[in-house]
Amino acid sequence: MSSNRLGVASDDGRPKPPLLAQPSFSWIGVLPFLLFVFFFLILPSLTLFVGAFQDRDGNFTLENIRGLALPNILSAYWVTIRISVTTALMGGIFGFFLAYSLVTGNMPAWVRSSMATFCGVASNFAGVPLAQAFIFTLGRVGLVTVLLRDLFGIDLYDRGFNLYSFWGLSVTYLYFQLPLMVLVITPAIEGLQREWREAAENLGATPGQYWRYIGIPVLMPSLLGSMILLFGNSFGAYATALSLTGGLINLVTILIGSQIRGDVLHNPNLGYALAVGMVVVMSVMMVIYYALRRRSEYWLKR
Amino acid sequence: MKRNQFWNWFWIVLSLIYFFLPLYATFNFSLKARKGELSLLAYQQMIDDPRVLPALLFSTQIGIFTILLGLLLLVPTVYWVRLKAPRWRPILEFFSLLPFVIPAIVLVFGLIRTYSGGVFGLTATFAGTNFLLVAGYVVICLPYLYRSIDAGMAAIDVVTLTEAAQSLGADWGTILFRVIVPNLRSAMLSAAFLTMAIVLGEFTIASFLVGLRAFGPVIWQVGQNRAYQASALVIVSFAITWVLMGLINIVGRRGAAEEGVTAGPR
């Protein structure tokens with residue numbers, strides 16, 4: 001009897017819908033979670049959001065949003081987006097080839113499984129330690145820099161490479177982008193069914209035609225979706241960039257960091273607008289990501 | 001076919017070189033603290049550094065509290081929603097994935113502006129700041145915690161288990177802690193290890209809230225002026241990540257490794 005009142009047990013083993021006359025109390029169990037999310041996710045975001053539309057005295061204004069078009073802020077967004085697109089493309093393309101080689105290349109099982117584990121580790125090995133590892137590798141006295149100079153007479157830094165700049169940062173970001181791509185694209189590659197290729201070959205298709213008409217169209221949503229994930233991953237990165245460049249590169253995250261430490265923009269509300277701008281870009285990306293994922297699931301269903 | 005195999009190995013070997021060079025370079029450097037010979041001096045100096053061990057201990061404690069709060073929040077909620085309130089599922093999922101669109105730097109900005117000073121004044125005390133740090137970490141770990149717990153619950157039939165326990169006369173506490181939780185052990189452990197890996201390496205939120213009390217900011221500061229010790233710290237921190245990921249593979253169900261065990265932007 002008691003179980004019936006609790007609405008759990010019923011003849012067909014499914015939860016019984018609450019009786020019509022009784023109000024639903026199902027929200028009570030979700031309340032602690034909702035409260036937590038409200039106080040530590042929604043409220044902080046709202047604080048920034050409201051602040052972005054206020055002036056110093058708390059009056060409504062669009063001045064801060066217009067302020068995002070200031071040259072140094074616009075350039076921060078531009079550099080951040082460029083670096084995110086670059087590393088998403090590099091990580092996406094190399095990661096795809098690596099994952100494709102691992103899945104379809106008849107590799108020994110241990111190669112595949114150890115590579116999968118390593119990708120899990122490497123995609124989590126980011127931030128300060130990663131930046132320092134690259135300084136020991138490609139910094140001015142890094143191992144590779146010195147080896148190239150002593151053995152081959154190639155001085156990377158004379159040739160315009162600088163670890164503490166755009167390309168240096170990109171090469172470093174690739175260290176967590178590449179393995180992340182391998183992790184997220186592998187299921188999609190596994191979903192490419194052998195029969196499709198065989199059917200295409202039986203009908204006389206060349207490998208080029210197979211890829212053009214079957215492989216790439218099927219994989220495209222997953223590829224784009226994964227690259228969007230990679231984009232977001234480097235768009236929000238702060239620790240890696242800060243410890244690699246010492247804050248000298250003009251990224252939005254770095255700018256927000258300086259704004260928190262001391263009002264470098266000389267307008268607290270402009271700082272809020274900067275942060276809100278990041279959330280807007282990320283939200284747009286996520287909406288596209290979910291739309292693409294829905295499409296790719298259509299083919300991956302077995 | 002031969003040609004094909006060449007390209008497969010080409011990509012694998014190329015990425016292995018790319019992956020291992022930075023680790024080798026760092027390891028190599030960490031052994032050269034004493035001029036002219038290989039030694040573990042850098043590691044000795046790292047352990048002797050008064051900043052390192054306390055910070056590691058502090059971050060481990062914060063990690064444990066993050067895991068406890070995260071599981072306490074999510075296990076009953078996901079259970080409740082699966083059992084009694086399936087209508088709330090999309091909402092639960094939405095809020096659990098929401099942290100993906102809020103970069104850590106934006107989250108800590110919002111937390112500071114909301115809770116330092118004003119009505120709350122949480123950052124005025126050590127305890128308040130630590131709590132804020134734990135709360136922030138629960139937020140950034142929410143997507144991974146949720147996915148892991150939800151997948152764990154999907155793998156066991158919570159409705160049938162609950163009915164069986166009820167018909168044997170179990171009360172809710174018994175059901176949750178002696179029926180559901182033991183069945184979720186591997187999901188909870190993978191979530192816990194991943195959370196620990198994220199917290200131990202986290203820099204952004206820690207540096208603004210607690211600064212050098214936490215491990216991430218200490219690695220950063222050591223790197224500013226003590227290169228050999230820093231290289232030793234990098235190797236240690238990589239080893240910690242490796243061990244925690246290895247533990248996930250051991251306790252995890254098949255496929256757990258591929259199922260979103262990656263932290264967000266750093």
Name of the residue among B:L23, B:N28, B:T26 meeting side chain to side chain contact (heavy atoms under 4.5 Å, CB included) with A:F136: B:T26
Distance-only side-chain donor-acceptor flag, A:T117 / B:N249, under 3.5 Å: yes
Residues forming a salt bridge (charged side-chain N to carboxylate O under 4.0 Å, His left out) with A:R197, sequence neighbours excluded: A:E201
Side-chain donor or acceptor of B:Q5 paired with backbone N/O of A:G105 under 3.5 Å: yes
Structural part of B:L233 lying under 4.5 Å from a heavy atom of chain A: neither
Close aromatic pair by centroid cut-off 6.0 Å: B:Y115 and A:F39: no
Aromatic centroids of B:F20 and A:F118 separated by under 6.0 Å: yes
Heavy atoms from other residues, nucleotides or ligands near OH of B:Y18 exceed 12 (cutoff 6.0 Å): yes
Heavy-atom contact with chain B under 4.5 Å, split by part of A:V279: both
Residues that B:F193 engages under ring-ring contact (aromatic ring centres under 6.0 Å, His included), provided they are two or more places apart: none
Between B:L69, B:L72, B:L97, B:T77, the one whose heavy-atom pairs under 4.5 Å with chain A are most numerous: B:T77
Atom group of B:I12 that falls short of 4.5 Å from chain A, counting heavy atoms: both
NZ or CZ of B:R113 within 45° of A:Y272 ring axis and under 6.0 Å: no
Which portion of B:L14 sits near chain A, non-hydrogen atoms under 4.5 angstrom: neither
Aromatic ring proximity, centroids under 6.0 angstrom, B:F19 and A:Y175: yes
Beyond-backbone contact of A:N124 with B:M245, side-chain heavy atoms, under 4.5 angstrom: yes
A:F33 versus chain B, the contacting section by heavy-atom distance below 4.5 Å: both
